[in-house]
Student: 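After the structure tokens below, expect a handful of questions from me.
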Amino acid sequence: MPEGPELHLASCYINRVCAGLIFSGKVEKSKVSKNPEVPFESDEYLISATSRGKEIKLALMPLKEEENMHPSRGRDKAGQSQNGPQQPMDLVFRFGMSGSFKLTPEDELPKHAHLRFYTKESPRQALCFTDFRRFGRWEVHGTWQLDRGPCVILEYEKFRENVLRNLSDKAFNRPICEALLNQKFFNGIGNYLRAEILHRLKIPPFEKARTVLEALQHRKQSPGLTLSKKVKLKRENPDLLELCHLLPLEVIRLGRKGYDPERSGNNAAFEKWLRCYSIPGTKSLRDSNGRTIWFQGEPGPMAPKGKKSRKRSPKVNADPEALGPKVKKLASKRSLKASTTQEKEPKSSGRKKGKELFPGPENTKTNGARKPKVRSRRKVSANQESPKSEAPAAGGKRQALAQRSTGAATAARRSRRVKAE
DNA sequence: CGTCCACGTCTAC
DNA sequence: TAGACCTGGACGG
């Protein structure tokens with residue numbers, strides 16, 4: 001779920017489905033999650049949410065003061081003092097690569113539901129924080145992370161100022177595509193948004209950020225024009241920072257049809273919205289953090305050297321109907337591998353990040369553009385299992401090897417993995 | 001079956 | 001600036 005728009009949509013979802021719902025009892029954490037327990041208990045409480053960039057804050061609000069912590073309810077094991085009523089509590093979440101919220105019936109808890117809030121009335125429901133990769137985090141009594149900048153969606157003016165007033169920051173020594181992922185300045189922008197933003201303006205991703213942004217410091221005047229013309233011009237030609245706000249808004253307008261792998265194969269609206277990210281026919285490179293940047297045209301002066309950007313091979317059996325300028329039909333299955341930048345040396349074992357070795361000159365013929373096989377594979381429906389059946393990934397000492405592990409190590413890791421989240 | 005890839009941080013050298 | 005942290009889909013053999 002997780003760039004700014006998805007976080008924002010999640011907060012809207014929570015506020016919508018939890019409106020009027022009364023929650024009760026304790027907050028349950030799955031065993032496998034390494035995130036902190038949430039020491040909150042109340043007979044009756046409300047849940048509401050707000051978002052800021054790539055964070056979301058849940059407010060747990062007890063309805064009435066007395067009730068909870070009633071001494072007779074023996075809720076003070078472990079020496080918890082039976083101090084007064086439960087106080088309100090804020091929880092701040094980051095979603096990692098796969099976090100999301102979902103309200104479900106109590107007896108149909110989704111897989112990977114790592115934090116659960118139960119309704120009071122039966123049939124009971126649970127608001128669940130799900131996160132299959134478990135990169136997501138939450139903090140008890142959380143506050144917005146200090147070094148994250150203003151939200152590109154909800155605090156646009158502050159966001160803009162924060163960037164333009166700090167152009168001397170070393171963050172802007174980086175290529176623009178990397179600066180855009182810096183949450184200190186671009187809180188809410190992630191990998192698909194940066195590609196789409198740069199692509200709309202045809203800005204080479206590896207142009208220096210400061211160079212790109214300095215040009216925005218003083219909006220260009222067009223003295224001859226009437227006010228309404230200026231307004232129109234501005235509206236029709238948003239600059240980079242405006243797009244950091246407007247493109248997330250576009251995704252938000254798609255609503256639940258936005259980026260949501262839960263319904264893979266059903267992401268037509270979002271895929272149609274994308275013009276660059278992971279699109280057949282666009283190029284890609286790894287940035288210095290190992291993240292794939294998708295683009296068209298020139299990579300720009302700070303592009304990693306020795307790398308060649310490869311085009312993703314265009315979709316083969318294009319619907320003739322769809323060839324209109326606007327409606328380029330996307331391959332329904334995007335093969336990410338097809339487009340990758342570099343040829344892979346046949347089997348160098350270690351190949352992480354942007355650090356591939358460059359074995360000699362590009363060998364254009366063998367390489368790259370493999371055809372994305374649009375093989376539609378039947379999706380095995382992942383059934384709900386009890387979240388309790390989740391088991392720790394690799395018991396104790398966790399996979400110490402690099403991700404790019406050898407086959408043997410991988411096999412070992414797999415076999416060690418207990419099968420049953 | 002094995003390999004590579006994914007909407008993101010974190011923290012340890 | 002590399003890994004670590006995770007699961008699982010897609011693809012190749």
Side-chain angles (χ1 to χ4, degrees), chain A residues 1-7 9-10 32-35 53-55 93-100 111-112 114 130-137 145 147-148 174 178 181-184 187-196 248 251 258-262 264-265 267 270 274 277-278 284 286-292 294 331-341 344 346-355 370-380 382 390-394 397-415 417-421:
Chain A
M1 251 218 157
E3 296 187 21
E6 290 75 30
L7 277 279
L9 286 166
V32 280
S33 173
K34 293 170 177 166
N35 279 305
K54 272 187 249 183
E55 296 186 304
F93 292 79
R94 265 153 269 133
F95 277 12
M97 295 286 261
S98 58
S100 93
K111 277 179 92 175
H112 313 290
H114 296 299
T130 64
D131 180 14
F132 73 88
R133 294 186 70 181
R134 281 183 254 151
F135 293 169
R137 301 282 156 88
Q145 202 167 253
D147 45 7
R148 304 184 76 106
R174 310 300 309 158
E178 294 178 17
L181 291 187
N182 186 335
Q183 303 298 298
K184 184 174 170 187
N187 190 5
I189 301 302
N191 206 23
Y192 77 73
L193 282 170
R194 71 168 177 174
E196 295 299 317
V251 177
Y259 201 150
D260 182 2
E262 298 281 298
S264 67
N267 283 344
F270 181 68
L274 292 174
Y277 178 79
S278 187
S284 68
R286 297 306 191 98
D287 69 17
S288 74
N289 299 307
R291 304 269 257 144
T292 302
W294 297 86
S332 65
K333 288 297 168 201
R334 292 192 170 131
S335 153
L336 287 181
K337 350 187 64 158
S339 70
T340 295
T341 319
K344 4 209 88 164
K347 243 357 28 114
S348 71
S349 66
R351 199 224 79 213
K352 241 215 135 145
K353 311 250 168 157
K355 270 337 187 181
R370 285 175 278 169
K371 221 147 237 166
K373 253 208 199 113
V374 184
R375 168 208 299 192
S376 62
R377 204 165 254 236
R378 157 162 275 106
K379 204 178 149 156
V380 184
E390 268 181 284
K397 197 69 235 150
R398 192 150 258 110
Q399 172 75 345
L401 298 167
Q403 204 165 354
R404 200 79 294 130
S405 49
T406 65
T410 302
R413 167 160 47 86
R414 283 181 190 252
S415 66
R417 192 148 72 206
V418 186
K419 165 119 257 147
E421 274 215 27

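Reminder, nothing fancy here: chain letters follow the sequence lines and each chain counts from 1.
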Student: At their closest point, which heavy atom of A/I189 faces which heavy atom of A/P248, and how far apart are they?
Tutor: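 That would be CD1-CG, 4.5 Å.
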Student: Who passes side chain to side chain contact (heavy atoms under 4.5 Å, CB included) against A/R148, sequence neighbours left out?
Tutor: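 Checked A/R148 against side chain to side chain contact (heavy atoms under 4.5 Å, CB included); matches are A/R52, A/K54, A/E55, A/R94, A/Q145, A/Q183, A/N187.
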Student: Can you tell me if the side-chain N/O atoms of A/R286 get under 4.0 Å from OP1 or OP2 in B/dC4?
Tutor: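 Result: no.
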Student: Determine the minimum heavy-atom distance between A/P5 and A/Y192, stating which atoms define it.
Tutor: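 Minimum heavy-atom separation between A/P5 and A/Y192: CG-OH, 3.7 Å.
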Student: Between B/dC1 and C/dC6, how far is it from one P atom to the other, in whole Å?
Tutor: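 That atom pair is separated by 23 Å.
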Student: Does B/dC7 have OP1 or OP2 sitting under 4.0 Å from an N or O in the side chain of A/R291?
Tutor: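 Answer is yes, contact under 4.0 Å.
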Student: In whole angstroms, how far is the P atom of B/dT9 from the NZ atom of A/K34?
Tutor: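 Answer to the nearest Å: 19 Å.
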Student: So what does A/R194 touch, heavy atoms closer than 4.0 Å: a base, only the sugar-phosphate, or nothing?
Tutor: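 Nothing, no nucleic acid heavy atom in range.
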Student: When the C1' atoms of C/dT1 and B/dC7 are considered, how many whole Å apart are they?
Tutor: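 Result for the C1' pair: 23 Å, nearest Å.
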Student: Output a table of nitrogen or oxygen pairs between the protein and nucleotides 11-13 of chain B separated by less than 3.5 Å.
Tutor:
none

Student: What is the separation between atom CD on A/E178 and atom C1' on C/dA2, rounded to the nearest whole Å?
Tutor: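 Rounding to the nearest Å, CD of A/E178 and C1' of C/dA2 are 14 Å apart.
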Student: On a heavy-atom basis, which atom in A/P2 and which in A/G96 lie closest, and how many Å separate them?
Tutor: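 Where A/P2 meets A/G96 most closely, the heavy atoms are CG-O, 3.0 Å.
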Student: What do the steps show when you test A/T130 against A/K111 for side-chain contact (heavy atoms from CB on, under 4.5 Å), and what is the final call?
Tutor: CA-CA 7 Å; A/T130 64; A/K111 277 179 92 175; over 6 Å; no
Student: With a cut-off of less than 4.0 Å, is there a side-chain N or O of A/K54 near OP1 or OP2 of B/dT9?
Tutor: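 It does, given that an N or O in the side chain of A/K54 lies less than 4.0 Å from OP1 or OP2 of B/dT9.
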Student: Round to a whole Å and report the spacing from CZ of A/R134 to C1' of B/dA6.
Tutor: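 It works out to 17 Å between those atoms.
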Student: Using a cut-off of less than 4.0 Å, is there contact between a side-chain N or O of A/R133 and OP1 or OP2 of C/dC5?
Tutor: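 Answer no for this pair, as no side-chain N or O of A/R133 is under 4.0 Å from OP1 or OP2.
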Student: Quick one: A/L274 CG to B/dA6 P, roughly how many Å, whole number?
Tutor: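 It works out to 14 Å between those atoms.
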Student: Using modelled atom types and a 3.5 Å cut-off, is there a donor and acceptor pairing between side-chain atoms of A/H114 and backbone atoms of A/D131?
Tutor: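 Yes.
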Student: Check salt bridge (charged side-chain N to carboxylate O under 4.0 Å, His left out) between A/E178 and all other residues, then give those that pass, not counting sequence neighbours.
Tutor: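 Once residues adjacent in sequence are excluded, the partners of A/E178 under the salt bridge (charged side-chain N to carboxylate O under 4.0 Å, His left out) criterion are A/R174.
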Student: Does A/Q145 put a side-chain nitrogen or oxygen below 4.0 Å from OP1 or OP2 of B/dT9?
Tutor: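 Indeed not, no polar side-chain atom of A/Q145 lies that close.
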Student: Could you tell me which non-hydrogen atom of A/T292 sits nearest to which non-hydrogen atom of A/R286, and how far apart they are?
Tutor: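 What the structure gives for the nearest pair is OG1-NE, 3.3 Å.
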Student: Provide the distance between the two P atoms, one in C/dG13 and one in B/dC5, to the nearest whole Å.
Tutor: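 Between the two P atoms, the distance is 15 Å.
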Student: To the nearest Å, how far apart are A/K184 NZ and B/dT9 C1'?
Tutor: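 About 16 Å, once rounded to whole Å.
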Student: Using the aromatic ring of A/F135 (for Trp, its six-membered ring), decide whether it stacks on the base of B/dG8 within the limits of 5.5 Å and 30°.
Tutor: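 Given the distance and angle limits, yes, they stack.
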Student: Rounded to whole Å, how long is the line connecting atom CD of A/E3 with atom P of B/dA6?
Tutor: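 Roughly 13 Å, once rounded to whole Å.
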Student: What integer distance in Å separates A/Y277:OH from B/dG8:C1'?
Tutor: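 After rounding, the reported distance stands at 12 Å.
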Student: Taking only side-chain N and O atoms of A/H112, does any of them lie within less than 4.0 angstrom of OP1 or OP2 on C/dC6?
Tutor: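 Checking C/dC6 against A/H112, no side-chain N or O comes under 4.0 Å of OP1 or OP2.
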Student: Would you mind telling me which of B/dC10, C/dG8, B/dG8 lies closest to the side-chain atoms of A/R94?
Tutor: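 Shortest atom-to-atom distance from the side chain points to B/dC10.
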Student: Whole angstrom is fine here: how far is it from CG in A/N289 over to P in B/dG8?
Tutor: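 About 12 Å, once rounded to whole Å.
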Student: Is DNA chain B part of any stem, that is, at least 3 consecutive Watson-Crick or G-U pairs with both distances under 3.5 Å, and where?
Tutor: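 Result, WC/G-U stems under 3.5 Å: B:1-6 with C:7-12, B:8-12 with C:1-5.
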Student: Mind checking the P distance from B/dC13 to C/dC5? Whole angstroms is fine.
Tutor: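 Taking atom P in both B/dC13 and C/dC5, they lie 12 Å apart.
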Student: Does B/dT9 have its OP1 or OP2 closer than 4.0 Å to a side-chain nitrogen or oxygen of A/Q183?
Tutor: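 Affirmative; the distance criterion is met.
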Student: Aromatic rings A/W294 and A/Y277: how do their planes relate, parallel, tilted or perpendicular, breaks at 30° and 60°?
Tutor: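 A/W294 vs A/Y277 ring planes: perpendicular.
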Student: Check the phosphate of C/dG8 against A/K111, side-chain N and O only, distance under 4.0 Å to OP1 or OP2. Yes or no?
Tutor: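 Checking C/dG8 against A/K111, a side-chain N or O does come within under 4.0 Å of OP1 or OP2.
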Student: With a cut-off of less than 4.0 Å, is there a side-chain N or O of A/S288 near OP1 or OP2 of C/dT1?
Tutor: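 No, because none of the side-chain N or O atoms of A/S288 sits under 4.0 Å from OP1 or OP2 of C/dT1.
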Student: Taking only residues two or more places apart in sequence or in another chain, which ones pass side chain to side chain contact (heavy atoms under 4.5 Å, CB included) with A/R291?
Tutor: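 For A/R291 the side chain to side chain contact (heavy atoms under 4.5 Å, CB included) partners, ignoring immediate neighbours, are A/L181, A/N191, A/R194, A/D287, A/N289.
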